[in-house]
2 protein chains.
Amino acid sequence: MKIGDLARLTNTRVETIRFYEKEELLPAPGRNKGNYRIYEQAHLNRLSFIRRSRDLGFTLEQVRKLLKLADDRAAPCTEVDSITAANIAEIDRKLADLGALRTELVRKLECCRGSTIADCRIIEALAPAPSK
Amino acid sequence: MKIGDLARLTNTRVETIRFYEKEELLPAPGRNKGNYRIYEQAHLNRLSFIRRSRDLGFTLEQVRKLLKLADDRAAPCTEVDSITAANIAEIDRKLADLGALRTELVRKLECCRGSTIADCRIIEALAPAPSK
DNA sequence: CTTGACCCTATAGCGGCTTCAGGGTGCATA
DNA sequence: TATGCACCCTGAAGCCGCTATAGGGTCAAG
Ligand SMILES: [Zn+2]
Ligand SMILES: [Zn+2]
Ligand SMILES: [Zn+2]
Ligand SMILES: [Zn+2]
């Protein structure tokens with residue numbers, strides 16, 4: 001399987017696959033006579049794992065850990081769970097921040113309709129208090 | 001006022017202030033005999049505007065536009081409002097994405113407690129279907 | 001034999017800063 | 001006066017997770 005096929009199968013850009021290889025997330029595959037990368041099923045599996053993890057919001061650093069952990073089938077999964085919990089906590093922080101932001105912006109936008117800069121509620125909210 | 005004072009007043013790192021100057025968001029101030037930057041009230045006002053905008057989720061590019069628009073007090077504020085609306089739309093997309101992510105992660109985490117990697121629900125969700 | 005889709009490498013760029021290396025300044029204290 | 005220390009300076013590189021660009025090579029179909 002060539003890099004383009006792998007890209008299509010995993011919904012990943014070709015450049016991203018090469019990037020993962022350079023980052024040692026995905027092992028370097030064999031090459032054909034024309035120096036094209038040739039991938040096996042194992043690569044497809046591993047890349048799928050990486051992409052799903054990324055889609056779930058794990059950082060590449062977390063993905064690295066998860067990949068390492070996933071290999072020891074008999075080990076307890078406490079560490080996996082705690083990485084996941086950390087991810088959720090991070091998401092919660094972002095949700096709270098964004099929610100507050102949204103509220104504030106909507107309030108400003110609501111009460112300003114078609115007037116001038118001089119009394120635009122948004123500009124007013126941004127500008128420092130006039131020093132009189 | 002020296003750069004450290006300005007930093008304290010606006011809750012901004014010194015390096016960030018120098019970065020804004022290089023980016024021409026904040027005009028280069030005068031210098032004292034020792035080549036230290038010396039800021040005036042106008043700088044404080046402008047930096048406050050920038051920081052509040054950033055805190056509200058505007059990109060630096062949007063901040064640039066807002067700063068330009070804020071100067072023409074008589075102009076209509078339609079453009080300001082549409083930049084704000086774009087910001088809200090962006091926030092809404094992020095909120096939706098993060099919400100979905102959270103749901104999925106929580107569901108996985110909930111149904112996996114203290115078992116091994118071999119039957120960890122999270123690893124299972126990440127790993128591609130076993131080729132039997 | 002040419003076209004065009006695909007592949008290769010190496011390097012730089014994105015946003016929005018942060019960090020680092022290697023200095024200089026300015027004020028208080030011993 | 002010397003010394004310590006907090007603060008300031010510049011320029012360049014680093015962070016994340018890719019993406020894009022330049023400048024080529026490979027390969028199968030028509
Ligand atoms: Zn209004
Ligand atoms: Zn307005
Ligand atoms: Zn379970
Ligand atoms: Zn688990």
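Scope of the values below: all heavy atoms of this structure, side chains included, with no hydrogens, waters or symmetry mates. Proteins get letters first, then strands, A, B, ... in listed order; numbering begins at 1 in each. Note that this is a predicted model, so its numbers are computed, not measured.
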(request) Considering only NZ, NE, NH1 and NH2 on the basic side and carboxylate oxygens on the acidic side, decide whether A:Glu90 and A:Arg93 come within less than 4.0 Å. (result) yes
(message) Can you measure B:Arg54 atom CZ to C:dG15 atom P for me and round it to whole angstrom units?
(response) 11 Å
(message) When you measure from the side-chain N and O atoms of B:Thr16 to the phosphate of C:dG16, is any distance below 4.0 Å, counting only OP1 and OP2?
(response) no
(request) To the nearest Å, give me how far apart CZ (A:Arg31) and C1' (C:dC6) are. (result) 14 Å
(request) Nearest whole angstrom, please: distance from the C1' of C:dG15 to the CD of B:Glu90. (result) 13 Å
(request) Hey, which sits more toward the 5' end of DNA chain C by its nearest nucleotide, A:Gly4 or B:Tyr20? (result) A:Gly4
(request) Write down the distance between NZ (A:Lys22) and C1' (C:dA12), rounded to a whole number of angstrom. (result) 11 Å
(message) What I want to find out is whether A:Glu23 reaches A:Arg64 closely enough, with some N-O distance under 4.0 Å, to be called a salt bridge.
(response) yes
(request) Return the value, rounded to whole Å, for the distance between atom CD of B:Glu23 and atom P of C:dG15. (result) 8 Å
(message) Reading DNA chain D from 5' onward, which residue's closest nucleotide shows up sooner: B:Tyr36 or A:Arg51?
(response) B:Tyr36
(request) Answer with yes or no whether the hydrophobic clustering places A:Leu26 together with A:Ile38; edges join I, L, V, M, F, W, Y residues whose side-chain heavy atoms lie under 4.5 Å apart. (result) no
(request) Say whether, by atom type as modelled, one donor and one acceptor occur between the side chain of A:Asn87 and the main chain of A:Leu56 under 3.5 angstrom. (result) yes
(message) Classify B:Arg13 by what it touches in the nucleic acid, base, sugar-phosphate, or nothing, heavy-atom distance under 4.0 Å.
(response) sugar-phosphate
(request) Could you check how far CZ of B:Phe58 sits from P of C:dG16, rounded to whole Å? (result) 13 Å
(request) Could you pick out which residue, B:Glu15 or B:Thr59, lies toward the 5' side of DNA chain C when each is mapped onto its nearest nucleotide? (result) B:Thr59
(request) For DNA chain D, note the earliest and the latest nucleotide, 5' to 3', having some atom under 4.0 Å of a heavy atom belonging to chain A. (result) D:dG17 to D:dC27
(request) Can you tell me the distance, in whole Å, between the CZ atom of A:Phe19 and the C1' atom of C:dC14? (result) 13 Å
(message) For residues A:Val14 and A:Tyr36: do they belong to one hydrophobic cluster (side chain heavy atoms under 4.5 Å, members Ile, Leu, Val, Met, Phe, Trp, Tyr)?
(response) no
(message) Just to be sure I understand the rule, does B:Arg37 reach a base, reach only the sugar-phosphate, or reach nothing, if contact means heavy atoms closer than 4.0 Å?
(response) sugar-phosphate
(message) Using a strict threshold of under 4.0 Å (side-chain N to carboxylate O), is an ion pair present between B:Glu61 and B:Lys65?
(response) no
(request) Would you kindly give the CD-to-C1' distance between A:Glu21 and C:dC7, to the nearest whole Å? (result) 13 Å
(request) Could you tell me whether B:Asp97 and B:Lys94 have a side-chain N and a carboxylate O separated by less than 4.0 Å? (result) no
